[in-house]
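Down below is the structure, laid out as structure tokens.
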Amino acid sequence: MPELPEVEVTRRGIAPLLEKRTIAAVHTTASSYFFLTPPRILRKRLRGRRVLALTRHGKYLRASLDSGETLVLHLGMTGQLFAAGATSVRLLSARARAALEPEEQPAFRPDLHTHLRLSFRDGGPEVVFRDVRKFGKVLLLAPGGTDPRVEKLGVDALAATGEELFAAARRRRIPIKTLLLDQSVLAGIGNIYADEGLFLAGVRPTRPSRRVSRARCRAVAAACRRVMLRSIETGGSSISDYVSPSGSDGAYQDERRVYARTGRLCRNGCGARIRRVVLGQRATHYCPKCQT
DNA sequence: CGTTACACCTGAGGGC
DNA sequence: TGCCCTCAGGTGTAAC
């Protein structure tokens with residue numbers, strides 16, 4: 001589920017439930033490549049630690065700890081980070097209480113996909129990390145420590161000006177869509193927002209990067225930023241797999257313009273139908289008339 | 001070095 | 001009902 005907007009919405013929701021709280025216990029599943037830091041190390045090192053702040057860079061979340069260590073999280077394709085199991089909400093700060101959604105209150109039953117679960121000394125809600133496909137990642141960085149995955153990230157896509165994109169695009173032959181997905185160029189753009197951003201900018205995803213002008217690179221970066229900000233505003237709902245009780249898929253239908261609309265009419269009213277191709281093993285959608 | 005193919009996992013949905 | 005296939009919002013790595 002997560003690209004930059006979903007990760008940011010998750011960060012805003014979970015930050016009040018992590019920050020200023022002290023970890024009492026850590027539960028994990030067995031060692032697997034999901035854990036870049038072995039679970040037994042996590043259990044030992046996280047206990048008694050106080051979380052200072054939760055920040056985001058691209059699709060990565062970083063929780064800084066009072067020990068100087070940093071807990072790095074990536075949600076992969078199916079990762080979910082949420083609060084659960086409040087046992088005594090009154091012990092929480094007003095800020096933390098306000099962040100608790102009513103729907104998150106019901107008891108949560110950890111299952112085999114619940115890879116990390118943090119409980120806190122205040123007895124309040126636990127913070128849970130579930131991930132069905134295990135493409136997500138958990139890593140504990142030593143004070144001042146680094147990791148190549150985080151180090152290689154380019155400028156966060158929300159802060160990008162378009163110059164960064166143009167600088168990377170100049171000499172490259174790969175499709176501009178593929179370049180947008182390269183996290184070392186702009187960090188945070190995923191498959192949906194790459195397609196949506198390119199549509200808004202009127203740029204065909206298959207176009208070789210070096211054939212995209214500086215002005216169009218600026219337009220693409222701005223369009224990606226715009227569509228992602230819009231998604232954050234609506235709580236990430238425009239791209240989540242959330243299904244309302246009525247059975248519809250909420251704002252998703254209304255917001256997306258090309259993604260997963262293969263064969264349907266272009267929203268610009270140009271009369272053309274949305275086309276689907278595969279670029280870099282990723283489904284790619286565009287309007288053959290509006291995007292050049 | 002740039003680019004592409006594949007691997008890592010599980011579950012949902014369609015066709016038969 | 002069950003089987004087999006394809007597809008999925010990500011990314012590290014091997015190989016050309």
Side-chain angles (χ1 to χ4, degrees), chain A residues 1-10 29-36 56-61 72-81 111-115 129-139 147-154 157 167-199 205-211 224 227-228 230-232 234-243 247 249-253 255-263 276-285:
Chain A
M1 135 193 173
E3 297 182 36
L4 185 153
E6 294 72 46
V7 177
E8 176 60 18
V9 168
T10 296
T29 49
S31 185
S32 72
Y33 72 92
F34 175 84
F35 292 105
L36 298 179
R56 180 192 61 74
H57 183 183
K59 299 170 193 170
Y60 282 87
L61 289 173
V72 179
L73 307 173
H74 192 291
L75 301 182
M77 286 277 263
T78 52
Q80 312 169 284
L81 194 59
D111 58 11
L112 77 166
H113 302 306
T114 303
H115 301 297
F129 189 178
R130 279 188 85 237
D131 186 357
V132 170
R133 290 176 74 181
K134 283 198 288 193
F135 288 167
K137 294 283 175 284
V138 178
L139 165 69
D147 182 89
R149 300 161 197 259
V150 180
E151 286 302 299
K152 71 159 206 180
L153 290 178
R170 301 194 66 146
R171 296 173 181 165
R172 310 263 245 137
R173 299 167 179 274
I174 56 173
I176 185 67
K177 154 79 179 279
T178 305
L179 189 70
L180 283 177
L181 294 180
D182 184 340
Q183 302 297 298
S184 70
V185 179
L186 301 187
I189 298 174
N191 205 35
I192 293 177
Y193 295 102
D195 283 4
E196 296 294 321
L198 285 167
F199 174 81
T206 52
R207 175 176 283 267
S209 298
R210 59 178 186 172
R211 300 289 179 231
C224 288
V227 70
M228 290 192 294
R230 166 68 186 152
S231 175
I232 292 170
T234 60
S237 63
S238 65
I239 30 54
S240 85
D241 54 10
Y242 171 76
V243 176
D249 54 350
Y252 189 4
Q253 290 285 1
E255 298 283 332
R256 76 185 173 193
R257 293 174 171 86
V258 287
Y259 187 83
R261 292 195 68 244
T262 309
R276 180 190 189 274
V277 295
V278 175
L279 292 180
Q281 289 85 241
R282 311 284 261 133
T284 299
H285 315 76

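Here the structure is a predicted model, which is why all the values come from computation and not from measurement. Letters A, B, ... mirror the listed sequences (proteins, then strands); counts begin at 1.
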Using Watson-Crick and G-U wobble pairs with both distances under 3.5 Å, what is the 5'-to-3' dot-bracket string of DNA chain C, with [ ] for crossing pairs and | for pairs outside the strand? .|||||||.|||||||

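- How far CD of A/Glu3 is from CG of A/Leu181: 8.0 Å, rounded to the nearest 0.5 Å.
- With rounding to the nearest 0.5 angstrom, the CG atom of A/Leu180 is 11.0 Å from the CG atom of A/Leu279.
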Side chain to side chain contact (heavy atoms under 4.5 Å, CB included) evaluation trace for A/Asp111 with A/Arg130: CA-CA 9 Å; A/Asp111 58 11; A/Arg130 279 188 85 237; 2.7 Å; yes

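- The phosphate of C/dT11 has OP1 or OP2 within less than 4.0 Å of a side-chain N or O from A/Gln183.
- Close to C/dG9, at under 4.0 Å from its OP1 or OP2, lies no side-chain N or O of A/Tyr193.
- Here CZ of A/Phe135 is found 6.5 Å from CE of A/Met77. Values are rounded to the nearest 0.5 Å.
- Here the P atom of nucleotide C/dA8 and the CZ atom of A/Arg282 are 9 Å apart, to the nearest Å.
- In plain terms, the two heavy atoms of A/Ser231 and A/Glu6 that are nearest each other are OG-OE2, 3.9 Å.
- The aromatic rings of A/Phe35 and A/His115 stand perpendicular to each other, their planes meeting at an angle above 60°, with 30° marking the opposite boundary.
- Computed from coordinates, the A/Leu279 CG to C/dG9 P distance equals 13 Å when rounded to whole Å.
- Mapped onto DNA chain B by nearest heavy atom, A/Tyr33 and A/Leu112 fall at different nucleotides, with A/Tyr33 at the one closer to the 5' end.
- When rounded to the nearest whole Å, the span between CG of A/Asn191 and P of C/dC7 equals 13 Å.
- No contact: A/Lys137 has no heavy atom under 4.0 Å from any strand.
- Summary of the strand contacts: A/Arg149 and A/Met77 both lie near DNA chain C, and taking for each the nucleotide with the nearest heavy atom, the more 5' one is attributed to A/Met77.
- A/Gln281 comes within contact range of at least one nucleobase, with a heavy-atom separation under 4.0 Å.
- Within the 4.0 angstrom heavy-atom criterion, only backbone atoms of the sugar-phosphate kind lie near A/Arg173; the bases stay farther away.
- Within the structure, every side-chain polar atom (N or O) of A/Lys134 is placed at least 4.0 Å from both OP1 and OP2 of C/dG10.
- Between the A/His113 side chain and the A/Phe129 main chain, no donor and acceptor come within less than 3.5 Å of each other.
- With a heavy-atom cut-off of 4.0 Å to chain A, the contacted part of DNA chain B has its first and last nucleotide at B/dT3 to B/dG11.
- A distance of about 23 Å separates the C1' atoms of B/dA12 and C/dT11, rounded to the whole Å.
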